[in-house]
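Beneath this line is the structure, given in structure tokens, with notes to follow.
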Amino acid sequence: MNLAGAVIRQDAIRPIHGTINWEMMYRTADYHKIANLTYLGLMGKRDMVPERWRERFFDRYQEALRYGEICNQAEREILTLLEMKEISCIILASCGIRDLYQVKEMAGNSPLILYLDNESYILVKGYLVDLGYETDKTFDDCGECMKKVSGFTVEIYHDLPFITSSYKKHMQYLLERSVPRNSSQRIRNLTVQDRFVFRMAQAVYHYVTNELLLREVLDLYLFHKAWKSRLDHDTTMDMLAAFHIEGLAEKLLYISYMWFGSKEDSGIQRPDENLEIYDVLENRILSRGAIEKETDLQALELGSMIERIREKERRRERLGSIKDKMVSQWKNLKRSLHWAFPEYRYMCAIYPWLEKLPVLLPVSWIIRDMRLLVGMLKPKPRSRSDQEAPDDSPD
């Protein structure tokens, strides 16, 4: 994180002292999708990095270079296709975030993220398959991520990936305020203000679910820094207050300036509270939730709400599993009863006298079942080959 911040600020890289666990460093940077950025910070310290891990960092840097060449073209191809097919969608995020980086290879492999209605979702997935995209990851009951061999990814959603009612409600308000993209009436964008609120609310949600990446925090910082002149702080806080996350959101924004900003940045005021609060946020983000001594009330409230909903879903799944098991057992029981007590027509075929005396159907069942039972208990005769087998006993 320190290396990434220094590269973004174009600061002098701090000296590296002591023994470094390079495997852990690479795994962490790769998980947070900043391995390509970290590589730039390590270029002057090549002798310190073992060759194996230096090559891994360099591979991620090369991927970022190649991605920059294909992403704009791939995104334009998809949006043009949707326009031609007259499919309505809302762009939640695009490759445009890459333009905020001073050097494009510092940027991550940002996907194109589209929100569609259910009918359009099915059509768009089919079009993407025709273009050579394959499902790389699915999001429970809301969408999936599709990836091409070139590395470009598209995330398509028919429902937003947030499970709390307040998030669903207020995210829907943002979508309803979307505006046409250029001259298109079908492809729409969020306004700058709403895009920032969306990113901010999403970052908070990912923080509480231990999914917040350093790359997402960095994108948030660059977005705010680039558009702060068009963002009304009071309006933003009022909109985030509707999600009940305004305090936690402001802390995450401040920590993004702590990590990646410089002293000259004037985008956000230093908070009055104890800075130890930010140690909690930092530890939770960098440890992927392994260190989770949460103190923020809004984080605790949102986390508790998410856990209650998940527990309710797990309980529903368990009840569904029990119900399916009971249905299966009932079917097996019916099959067994049908075998033990066949229907009247079948029994008449076995015992013709039953047609004249249908009241004796239970008697016919007893007779049949006793015959079957005797047949199963009766010892089987030895086969001829067994009878003629030579005696292997010694003379």
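What's counted below: heavy atoms across the whole structure, side chains too, no hydrogens, waters or symmetry copies. Along the sequence shown, residues are numbered consecutively beginning with 1.
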- Start with the C-alpha distance between I163 and M305, add both sets of side-chain angles, then the distance that settles side chain to side chain contact (heavy atoms under 4.5 Å, CB included), and finish with yes or no. CA-CA 9 Å; I163 61 176; M305 191 180 304; over 6 Å; no
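- As a member of the Ile/Leu/Val/Met/Phe/Trp/Tyr network built from side-chain separations under 4.5 Å, M370 groups with I366.
- Residues L281 and L297 fall into different hydrophobic clusters, defined by Ile, Leu, Val, Met, Phe, Trp and Tyr side chains chained together at heavy-atom separations under 4.5 Å.
- Linking ILVMFWY residues whenever their side-chain heavy atoms come closer than 4.5 Å, directly or via other members, leaves I322 and W330 in distinct clusters.
- More than 12 heavy atoms of other residues, nucleotides or ligands shown are found within 6.0 angstrom of CD on Q329.
- The structure places CG of D194 at 10.5 Å from CE of M171, a figure rounded to the nearest 0.5 Å.
- Panel note: side chain T80, backbone E77; no donor-acceptor pair is recorded below 3.5 Å.
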- Message: Working note: H233 + E250, criterion side chain to side chain contact (heavy atoms under 4.5 Å, CB included); need CA distance, chi angles, decisive distance, verdict.
- Response: CA-CA 10 Å; H233 180 76; E250 198 163 27; 3.3 Å; yes
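- One N or O on the side chain of T38 and one on the backbone of I34 form a donor-acceptor pair closer than 3.5 Å.
- Applying the ring-ring contact (aromatic ring centres under 6.0 Å, His included) test to W53 and every residue at least two apart in sequence or in another chain returns Y26.
- Looking only at distances, a side-chain donor or acceptor of E75 sits under 3.5 Å from a matching main-chain atom of C95.
- The CZ atom of R60 sits 9.0 Å away from atom CG of N109, with the distance rounded to the nearest 0.5 Å.
- Every side-chain contact (heavy atoms from CB on, under 4.5 Å) that D296 has, sequence neighbours left out, goes to L248, K251, E294, Q298, A299.
- Grouping the Ile, Leu, Val, Met, Phe, Trp and Tyr side chains by contacts below 4.5 angstrom, directly or via other members, places Y344 with Y346.
- A donor-acceptor pair is defined here as one N or O able to donate and one able to accept, closer than 3.5 Å; no such pair exists between the side chain of S328 and the backbone of K325.
- Across all their heavy atoms, G261 and Y221 have their closest contact at CA-OH, 3.3 Å.
- A salt bridge links D159 to K168: at least one charged side-chain nitrogen sits closer than 4.0 Å to a carboxylate oxygen.
- No donor-acceptor contact under 3.5 angstrom links the side chains of Q193 and T191, judged on distance only.
- Residues satisfying the side-chain contact (heavy atoms from CB on, under 4.5 Å) test with I367, not counting sequence neighbours, are Y351, W353, V363, R371.
- Looking only at distances, a side-chain donor or acceptor of H170 sits under 3.5 Å from a matching main-chain atom of A242.
- Between the side chains of T135 and E144, a donor-acceptor pair is found at a separation under 3.5 Å.
- Taking CG of L220 as the start and CZ of F260 as the end, the distance is 10.5 Å to the nearest 0.5 Å.
- Once rounded to the nearest 0.5 Å, the distance linking CG of N189 with CG of N182 reads 8.0 Å.
- Between N36 and Y61, the shortest heavy-atom contact is CB-CA, 3.7 Å.
- Across all their heavy atoms, I70 and G151 have their closest contact at CD1-N, 4.5 Å.
- No more than 12 heavy atoms of other residues, nucleotides or ligands shown are found within 6.0 angstrom of CD on Q73.
- Taking a 6.0 Å sphere around CD of E119, one finds it holds 12 or fewer heavy atoms contributed by other residues, nucleotides or ligands.
- Note that CG of L160 and CG of L92 are 6.5 Å apart. Values are rounded to the nearest 0.5 Å.
- R27 contributes no side-chain N or O that, together with a main-chain N or O of W22, makes up a donor-acceptor pair within less than 3.5 Å.
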- Verdict with reasoning, Y39 to V7, per side chain to side chain contact (heavy atoms under 4.5 Å, CB included): CA-CA 10 Å; Y39 172 76; V7 172; over 6 Å; no
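- Interatomic distance, L218 CG to L213 CG, rounded to the nearest 0.5 Å: 11.5 Å.
- The heavy-atom pair separating S120 from D117 by the smallest distance is N-OD1, 2.7 Å.
- The aromatic rings of F162 and F198 stand perpendicular to each other, their planes meeting at an angle above 60°, with 30° marking the opposite boundary.
- Judged by distance alone, with hydrogens and angles left aside, the side-chain atoms of R284 form no donor-acceptor pair with the main-chain N or O of I291 at under 3.5 Å.
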- Message: With side chain to side chain contact (heavy atoms under 4.5 Å, CB included) as the criterion, how do L116 and Y157 come out once you've worked through the C-alpha distance, each side chain's angles and the decisive distance to 0.1 Å?
- Response: CA-CA 6 Å; L116 311 122; Y157 293 93; over 6 Å; no
- Show your working on salt bridge (charged side-chain N to carboxylate O under 4.0 Å, His left out) between E311 and R314 and close with a plain yes or no. CA-CA 5 Å; E311 179 56 34; R314 287 193 291 266; 2.9 Å; yes
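- Applying the 6.0 Å contact sphere to CG of D141 captures no more than 12 heavy atoms from other residues, nucleotides or ligands.
- Looking at F152 and K147, their side chains never come closer than 4.5 Å, going by heavy atoms from C-beta outward.
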- Query: Can Y257 and H224 be said to form a ring-ring contact (aromatic ring centres under 6.0 Å, His included), step by step?
  - Reply: CA-CA 10 Å; Y257 273 83; H224 184 268; 5.6 Å; yes
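- Looking only at side-chain heavy atoms (C-beta outward), K125 and I156 come within less than 4.5 Å of each other.
- Under 3.5 Å, the side chains of E216 and H206 contain a donor-acceptor pair of N or O atoms.
- K323 has its side chain out of reach of M326: every pair of non-hydrogen atoms, C-beta onward, lies at least 4.5 Å apart.
- Residues M106 and Y67 are members of separate hydrophobic clusters, defined by side-chain heavy-atom contacts under 4.5 angstrom among Ile, Leu, Val, Met, Phe, Trp and Tyr.
- For the pair L37 and L214, the minimum side-chain heavy-atom distance is 4.5 Å or more.
- Closest of all the heavy-atom pairs between Y205 and L302 is CA-CD2, 4.4 Å.
- Residues satisfying the side-chain hydrogen bond (donor to acceptor under 3.5 Å, both in side chains) test with Q202, not counting sequence neighbours, are none.
- Under the 4.5 Å side-chain contact rule for hydrophobic residues, Y173 and V197 do not share a cluster.
- By the side-chain contact (heavy atoms from CB on, under 4.5 Å) test, V192 is found to be paired with R195, F223, W227, R230, L231, residues two or more places apart in sequence or in another chain being considered.
- Checking side-chain atoms of R181 against main-chain N and O of R188 turns up no donor-acceptor pair under 3.5 Å.
- The neighbour count for K104 NZ, taken as heavy atoms of other residues, nucleotides or ligands under 6.0 Å away, is above 12.
- No side-chain donor from either of D324 and S321 sits under 3.5 Å from a side-chain acceptor of the other.
- Contact between I255 and Y278 at its shortest, heavy atoms only, is CD1-O, 3.7 Å.
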